[in-house]
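The structure appears right after this line, and notes come after that.
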2 protein chains.
Amino acid sequence: MADHAHLDGPALTRNQQTVLTALKGADKPLTAYDVLGLPAIRKAGMKAPLTIYRALDKLMDRGLVHRIESLNAFVHCDHGPHDHATGFLICTDCGRTLEVHLESCETHLAGRAREQGFAVDNVRVEMTGRCPECAARAAAS
Amino acid sequence: MADHAHLDGPALTRNQQTVLTALKGADKPLTAYDVLGLPAIRKAGMKAPLTIYRALDKLMDRGLVHRIESLNAFVHCDHGPHDHATGFLICTDCGRTLEVHLESCETHLAGRAREQGFAVDNVRVEMTGRCPECAARAAAS
DNA sequence: CCACAAACGTTATTTTATAACATTTTTGGA
DNA sequence: TCCAAAAATGTTATAAAATAACGTTTGTGG
């Protein structure tokens, strides 16, 4: 689970920095094509899907970006470096996500795997539901 | 989390039964297009992707099939009806998966969500690693 | 400065999933 | 039984997500 790739390695390239900034500026996960469509991205001269995917791959290697599997989307990692598994709370109303860390739960999950003789090297958790804002809005109506 | 849709509802249609049987016969998760390519499927007269997706959707509604998000693939649920969250152990060597139930962990995960004011209605866990067989084979070489 | 590796650009293609619309089948009353 | 509504299906086309292949540029260490 540990990599800390984001602590070392070369500086981000211009494309990588541009994509990371785009994700930081978004209030929810973006697909690669969402990113591609952003004005800031076009201004930077990025115009092919592959350009975006390449930048995203590097950013994920460094732990600066996470992929939300169930959305085919990418989100900036708003926590610092971390060794433990990450979970995502995905609001089915507004599409925003919240990252939660699973220090204690990871041990449990990996333990369930070990019971099966399975050597886990990566744990991903995605939970769907309603965020506080959307729950409140739904209750009000 | 509770649905038990598989306990009631109408009988499976021919298409649904055919797809379910195909997944039961596979030793690993299959993509919709993998399913589409199976001889048994073609023999049953199913030849369009949408036909497969429609059957898969219904089977998932009933909890008879699960989708592995990180593989874009579908697997037969080899456990009986269950209310609690399911996790998957995915072998990165052979591609086979193992389903594990997360009775105790789900409470913990949902609790972490509730801390954030988030009302969870679905939890998905996917863990990658090496299955016992592949780990043994790797150790032997 | 040069050689190598990494990143990038470009075009085409593959893989995964859904839209739109007509037809058939099933099912639950009248 | 028969009919109407709902569910499922067939068919064609298209959208959405991701990668392949290949050449060029950039950056970095020796």
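We name chains A, B, ... by the order of the sequence lines, and we start the count at 1 in each one. Values below: every heavy atom of this structure, side chains too, minus hydrogens, waters and symmetry copies.
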Task: F88(B)-H66(B) aromatic ring centre distance below 6.0 Å - done: yes
Task: Ring centre gap for H79(B) and H101(B) strictly below 6.0 Å - done: yes
Task: Position toward the 5' end of DNA chain C (nearest nucleotide), R54(B) or A73(B) - done: A73(B)
TODO: Could you say whether T31(B) or P49(A) is positioned toward the 5' end of DNA chain C, judged by the nucleotide with the nearest heavy atom to each?
DONE: P49(A)
Open item on the list: Reading DNA chain D from 5' onward, which residue's closest nucleotide shows up sooner: N72(B) or T51(B)?
Closed with: T51(B)
TODO: Grab the CG-C1' distance between D61(B) and dA7(D) for me, whole Å please.
DONE: 13 Å
Open item on the list: How many whole angstroms separate atom CG of L50(A) from atom C1' of dC22(D)?
Closed with: 12 Å
Open item on the list: Looking only at the side chain of A48(A) (C-beta and beyond, no hydrogens), which of the listed nucleotides dT10(C), dA7(C), dA8(D) gets closest?
Closed with: dT10(C)
Task: K58(B) side chain, from C-beta outward: closest of dT19(D), dT10(C), dA8(D) - done: dA8(D)
Task: Any donor-acceptor N/O pair, D34(A) side chain to T31(A) backbone, under 3.5 Å - done: yes
Open item on the list: Would you say T13(B) places a side-chain N or O within less than 4.0 Å of OP1 or OP2 belonging to dT9(D)?
Closed with: yes
Open item on the list: Is there, by distance only and without an angle test, a donor paired with an acceptor across the side chain of Y33(A) and the base of dA17(D) below 3.5 Å?
Closed with: yes
